[in-house]
Amino acid sequence: MAIADDLKKTLTDPTPLYFAAGTADLAVQQAKKVPELIEQLRAEAPARIEAVKNTDPKAVQDAVTAKVAEVLGAIDPKKIGESAQDLALRGVGVAAEYAVRAKETYDKVAEHGEQAVRAWRGEVSEEIVDFAVVVEPRPERAAEPAAEDAAEEQSAAKKPARKTTAKKAVVAADDAS
């Protein structure tokens, strides 16, 4: 039965759909930036092409040769085994860190997707409503504070009458039984 419950939970979880919606929304946001990037590349391209044309191939070859010689000269054959083991252990740690980061990113994108779906549907975010309640006072309270005080006094005066009416209703219901 646990397998059926797990399957039901997996099939009814909307998080992957929200992740897909969030990914699509972020892709659209990034796609809107493409025309600006194309214009920037178009403006910078002539200068970059000119710099490549003016570069001396011999100077580039000398720089690469020097760098390769430096790297190969720094290699110590005795430490290669130790370095390989250290790198393997570091790799495991890095992989675990990336797994945690991937989960966090997945959750953030899914949350963004949920907000995007709400926006597409025309629903208001719960956080925005909570924030609006805190920031904006109710219009009737801001407009007429004196009227509110008067209303509170009247309601305070009527409360005992309401209690007795409620008691009468309870007594009447008991009598009818």
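- Nearest heavy atom pair, residue Asp13 against residue Pro16, reads O-CD, 3.4 Å.
- The hydrophobic cluster around Leu7 extends to Leu11, counting ILVMFWY residues whose side-chain heavy atoms fall within less than 4.5 Å of a member.
- Listed by chain and number, the residues in a side-chain contact (heavy atoms from CB on, under 4.5 Å) with Leu26 are Gln29, Val109, His112 (sequence neighbours excluded).
- Within the structure, side-chain hydrogen bond (donor to acceptor under 3.5 Å, both in side chains) contacts touching residues 56-68 (residues at least two apart or in different chains) do not occur.
- Around atom CD of Glu39, more than 12 heavy atoms belonging to other residues, nucleotides or ligands sit under 6.0 Å away.
- Under the 4.5 Å side-chain heavy-atom criterion for ILVMFWY residues, no single connected hydrophobic cluster contains both Val64 and Val71.
- Remark: Arg48 CZ to Leu41 CG distance equals 6.5 Å, nearest 0.5 Å.
- Lys9 is linked by a side-chain contact (heavy atoms from CB on, under 4.5 Å) to nothing, counting only residues two or more places apart in sequence or in another chain.
- The side-chain hydrogen bond (donor to acceptor under 3.5 Å, both in side chains) contacts involving residues 87-104 comprise Glu97-Arg101, Lys103-Asp107, where partners must be two or more places apart or lie in separate chains.
- For Glu50, the salt bridge (charged side-chain N to carboxylate O under 4.0 Å, His left out) criterion is met by no residue, not counting sequence neighbours.
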Practice problem: Please test Lys108 against Thr105 for side-chain contact (heavy atoms from CB on, under 4.5 Å), starting from the C-alpha separation and ending with a verdict. | Solution: CA-CA 5 Å; Lys108 287 179 185 177; Thr105 303; 5.6 Å; no
